[in-house]
Amino acid sequence: MTDRLLALLGDADGGLELVRRICELCVTELAVSGAGLSVMTGASADGTQILVHSTGEAGKHLEDLQLTVGEGPSVDAYVSGEAVLVPDLDAEQDRWPAYAPGATGLGVAAVFSFPLQVGAARLGVLDLYRTTSGPLSAPRLSGALTLAEAGTVALLDDTDAAQGARLLGQGELHSVVHQATGIVTVHLDVSLQEALIRIRAYAYAHQLSLNEVGGRIVRRELVLETGE
C-alpha cells in the first residue's frame, strides 16, 4: 500500500495542494469517512491550531470542537508525539468528557490521530474519522503512517518557514479565533492564554462554535467582560 500511496502523491505540488491530496487519499484508500490536517505551533492551551484542510464539514466541526473544549485525539497526539487510535469513541467518554459526546453527536464513531513531527519538533496532526466503529487494518494503519509522513513533508516544504507559516495563512478554520484572542487580550488586559480560555468558556456555555464566537468578537458584535 505504501508504494501505491506514494505513486498517487507523486504528481502533487507541495503546500496546500499536497495537503488536499493527502486528505483525499485518506478517504479513498484507507476506508475512513473523512480526514483533516491541522498545523499546530505550540501547546493546545495557547490556541495555536489551525485546520489547513478537511474533506468535509464534519471534519471542520470536529476540529472546532477540539479547540473549543481543549481536549480530544489530536490534542493528545500532538502533546504525546504518538498516534492516538480510538476504534470505538463511545468507550472514551471518561477520557474526553466534553469532546467524546460532541463528536458522537456529529455521527463520528471512530477517530485516529497522527502527529506530524521530525524528531522532537512537532508541526501538526493528521486526523481521520469514521462513522462506523472498528480499528484500522494493519495495511491501512501503515498507509495512514505513510500519509502522515507526507503531511510532515508538506509542512516542511513551506518556503516561508519550517513551521507551516504559509499554510497557517491559508487555513480554513480558526484564524478568526486568533484575531479574537488578541482583541480580548487588549480589552481585558490579560494573557493570550487567559483570553483564549475566556473565549472557550463563552462558546461552551452558550453552545456555540469557537469560530462563531471569534467572528462575533472580531466584528464587534460581542464584547467579553471581566466576569465572563
Side-chain angles (χ1 to χ4, degrees), residues 16 19 23 34 36-79 96-108 111 113 116 122-125 127 129 155 158 160-161 163-228:
L16 190 56
V19 169
C23 292
L37 188 148
S38 296
V39 172
M40 299 174 73
T41 60
S44 61
D46 296 331
T48 49
Q49 176 177 355
I50 291 182
L51 180 64
V52 177
H53 182 69
S54 172
T55 57
E57 288 300 315
K60 294 180 182 180
H61 292 316
L62 279 176
E63 296 308 319
D64 190 54
L65 174 64
Q66 290 190 90
L67 188 57
T68 300
V69 302
E71 64 178 31
S74 72
V75 175
D76 287 3
Y78 181 81
V79 171
W96 300 310
Y99 168 82
T104 55
L106 291 169
V108 175
V111 290
S113 296
L116 309 180
R122 295 166 196 164
L123 310 177
V125 179
D127 287 323
Y129 68 89
L155 300 189
D158 179 0
D160 291 341
Q163 298 295 326
R166 183 156 54 93
L167 289 175
L168 275 170
Q170 297 172 334
E172 298 178 356
L173 187 68
H174 298 153
S175 59
V176 69
V177 177
H178 301 301
Q179 297 176 49
T181 301
I183 292 171
V184 174
T185 296
V186 173
H187 176 66
L188 297 181
D189 191 24
V190 296
S191 68
L192 287 171
Q193 182 172 346
E194 183 175 347
L196 180 62
I197 289 172
R198 289 175 182 269
I199 295 172
R200 277 178 172 160
Y202 186 94
Y204 192 68
H206 292 81
Q207 297 184 325
L208 299 169
S209 75
L210 200 63
N211 225 33
E212 184 175 357
V213 174
R216 291 184 181 182
I217 292 172
V218 170
R219 293 191 300 270
R220 310 296 179 177
E221 298 170 0
L222 172 65
V223 178
L224 295 187
E225 301 299 341
T226 303
E228 293 178 306

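- Contact check for Val75 versus Trp96: no side-chain heavy atoms found under the 4.5 Å cut-off.
- When all heavy atoms of Gly56 and Ser54 are compared, the pair lying nearest together is O-OG, 2.9 Å.
- Side chain of Arg198 to backbone of Val184: no donor-acceptor contact under 3.5 angstrom is found.
- Judged as a side chain to side chain contact (heavy atoms under 4.5 Å, CB included), and not counting sequence neighbours, the contacts of Glu221 are Arg216, Arg219.
- Put simply, the side chain of His187 never gets that close to the backbone of Ile183: no donor and acceptor are under 3.5 Å apart.
- Taking CG from Leu222 and CD from Glu212, the interatomic distance works out to 10.0 Å, rounded to the nearest 0.5 Å.
- Taking all atoms of both residues into account, the shortest heavy-atom contact from Thr68 to Ala203 is CG2-CB, 4.0 Å.
- The minimum heavy-atom distance linking Pro97 with Glu71 is given by the pair N-OE2, 3.2 Å.
- Residues Leu51 and Leu37 have side chains not in contact (no heavy-atom distance under 4.5 Å, counting atoms from C-beta outward).
- Partners of Ser74 by side chain to side chain contact (heavy atoms under 4.5 Å, CB included), not counting sequence neighbours, listed by chain and number: Gln49, Glu63, Gln66, Ser113, Val125, Asp127.
- For His61 against Leu106, the heavy-atom pair with the smallest separation is CB-CD1, 3.8 Å.
- Here the CD-CG distance, from Glu225 to Leu188, works out to 7.0 Å after rounding to the nearest 0.5 Å.
- Here the side chains of Ile217 and Val223 are not in contact, with every heavy-atom distance at 4.5 Å or above.
- By the 4.5 Å heavy-atom criterion applied to side chains, Gln179 and Val218 are counted as neighbours.
- For Tyr129, the ring-ring contact (aromatic ring centres under 6.0 Å, His included) test picks out no residue, with sequence neighbours left out.
- Ile199 contributes atom CD1, which lies 12.5 Å from atom CG of Leu208 (distance to the nearest 0.5 angstrom).
- When all heavy atoms of Pro73 and Tyr99 are compared, the pair lying nearest together is CD-CE2, 3.3 Å.
- Heavy atoms only, all atoms of each residue included: Val190 and Thr185 are closest at O-CG2, 2.8 Å.
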